[in-house]
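Worksheet: one structure, shown below.
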Amino acid sequence: MSALKIFNTLSRQKETFIPIEEGKVGLYVCGMTVYDFCHIGHARVMVVFDMVTRYLKYLGYSVKYVRNITDIDDKIIARAAEAGEDFTALTQRFIDEMHQDEASLFVEKPALEPLATQSIGDILGMIKTLIEKEHAYAGDNGDVYYSVESFKNYGQLSGRQLDDMNAGERVEVDKNKRNPFDFVLWKAAKPGEPSWSSPWGEGRPGWHIECSAMSTCCLGNHFDIHGGGMDLQFPHHENEIAQSEATTGETFVNTWMHNGFVRIDNEKMSKSLGNFFTVRDVLKQYRGEEIRFFVLSSHYRSPLNYSDEQLNESRSALERLYTALRNIEPVTNDVKSDYVRCFEKAMNDDFNSAKAISVLFECANDLNKLKKTDTEQAAKTAADLLLMAQPLGLLSQNPEDYLQSTTGTNDAIANDEINRLIDERLQAKTDKNWALADQIRDQLKEQGVILEDSGKETTWRRQ
RNA sequence: GGCUGAGUGGCAGAGUGGUUAUGCAGCGGCCUGCAAAGCCGUGUACAGCGGUUCGAUUCCGCUCUCAGCCUCCA
């Protein structure tokens, strides 16, 4: 079988994945800064790396997935001040909300979720080492900076030269910095701000250092895969490499993975542009699994355009797959089918979930045919379909339950009422009162319920 | 200005140096009281201009357009 290949941002090409330790994978992903609800862009990171983890496990790897939580930074402090609450109360609230969103999207919990505020000791240790090795210096204002010129490979990840960049293009340069691209490792506290004591005075960690500290702490100085959104490539991940490699003298990460953005009207969805939809908003109208399907329906490095039409298509697509799984009891297939082979080939090609999903549809099409002709083979085909869906985190629900589940958190007609109307309609049908039967069917359709007659039975689903 | 990446049929979205992606929508048919679901059939898409080649949507060059990074951002 073909080997797993992953596009490495560092080399800008697909590379055969070889773990540092056979059979094991260490994976670190930059998680959320918890001061607000997650939006669809965050959902993409969650779902993509959940898929990566699931597929690595599917291939037999033992995966240690670490995703940090940034629970101290300027925005958190600002929000907490606005709300007049302790910043820890704010962050805890949004950590809980984030976990709820993840559950809605069928995202499995990472093995570890380290918090920046719980890692202050490791962070301080790393900054001390950087100062000793003359990669960092303290400014007169109590801040500690990393000296980008001290790290010869600075720019390797984002493929840029210090000279080529326009410092101060959009923001004023801090006079305490020796080089405009030097970045903060430790930030001095202003009066009233949350702070921790350090050799350089009261303050808090800079954003980049926490990830260096937490990743090496959880996974070692050198680990397999580091991931995150495209926008973290520079400066965040560039800085992480500089900090970690300068501290340990070892290679930091073998493979860097970056997912593309979610767009709205051809523009990046982001907090600063204010053009974002929260996961919570979208769940009012769509099932969590529909959002998940939408995310996986394009390659993780491609842009993903958000629109209701896209979500509606995801709904139709999932409906088709779940419908194929109805009325059949899957029986595990002992041999690896062609579907599964194609599926693995697609996934091995840099997690091409879009192509992998097309295999699910081919499988579903055959399953629909086999259900009428060869129940035994159909049972195996159904099992194949589920086998492939598992690493994608799809089709894990009972088909009937899924199809009858409400399509969002909005008000919907109750199951009892639906069943009552179906009974009424069955009587009408027995009486050959087609007008009444059709009227009831139309009435339910308006409320998002589709009826399907087969013989003397009527089944229903929500749409 | 520097650096990335992208431009595929009505829409979304894969892929390939010569052969059906896939889904949704459309059209025709089978099935059905009628539907729905399902099945069958159905569409000479690959930004433009050059070049390499027996042959390019696929490789190379240029042009145009779009997006992203160079502050915080997933």
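Here is the naming used below: chain letters follow the sequence lines, and residue numbers restart at 1 for every chain.
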Using a heavy-atom cut-off of under 4.0 Å over every strand shown, decide if [X] touches base, sugar-phosphate, or nothing.
X      : result
A/H299 : sugar-phosphate
A/S158 : sugar-phosphate
A/G260 : base
A/E319 : nothing
A/I450 : sugar-phosphate
A/G41  : base
A/K371 : nothing
A/V359 : nothing
A/R160 : base

Could you tell me how far apart [X] ([atom1]) and [N] ([atom2]) are, to the nearest whole angstrom?
X      : N     : atom1 : atom2 : value
A/K355 : B/U22 : NZ    : P     : 11 Å
A/F261 : B/C72 : CZ    : P     : 13 Å
A/R263 : B/A12 : CZ    : C1'   : 14 Å
A/N275 : B/A67 : CG    : P     : 13 Å
A/F294 : B/C24 : CZ    : P     : 17 Å
A/D350 : B/G13 : CG    : C1'   : 16 Å
A/D366 : B/U20 : CG    : C1'   : 14 Å
A/E362 : B/U20 : CD    : C1'   : 9 Å

Just compare [options] and give me whichever is closest to any side-chain atom of [X].
X      : options             : answer
A/N352 : B/A37, B/G15, B/C39 : B/G15
A/K369 : B/C39, B/G68, B/C70 : B/C39
A/E313 : B/G23, B/C39, B/G15 : B/G23
A/N368 : B/U71, B/C39, B/G13 : B/C39

For the pair [X] (side chain) and [Y] (backbone), establish whether a donor and an acceptor sit closer than 3.5 Å, ignoring hydrogens and angles.
X      : Y      : answer
A/K371 : A/A324 : yes
A/H42  : A/H39  : yes
A/Q463 : A/G448 : no

Paired nucleotide for [N] [Watson-Crick or G-U wobble; both distances under 3.5 Å]:
N     : value
B/A67 : B/U4
B/G18 : B/C54
B/G28 : B/C40

Can a salt bridge be assigned to the pair [X] and [Y] using a cut-off of 4.0 Å between side-chain N and carboxylate O?
X      : Y      : result
A/R341 : A/D338 : yes
A/D401 : A/R461 : no
A/R79  : A/D36  : yes
A/D438 : A/R441 : yes

Check the phosphate of [N] against [X], side-chain N and O only, distance under 4.0 Å to OP1 or OP2. Yes or no?
X      : N     : answer
A/N365 : B/C39 : yes
A/R425 : B/A35 : no
A/N259 : B/A74 : no
A/R315 : B/G23 : no
A/K372 : B/C31 : no
A/S302 : B/A14 : yes

Any N/O donor-acceptor pair, A/D438 side-chain to B/G33 base, under 3.5 Å: yes
Quiz item: A/R441 side-chain donor-acceptor pair to B/C34 base, under 3.5 Å: yes
Which residue lies toward the 5' end of RNA chain B, A/Q310 or A/M269, if each is placed at its nearest nucleotide? A/Q310
Nearest-nucleotide comparison on RNA chain B, the residue closer to the 5′ end among A/N305 and A/V45: A/N305
Exercise: identify the closest heavy-atom pair between A/C38 and A/M46: SG-CE, 3.5 Å
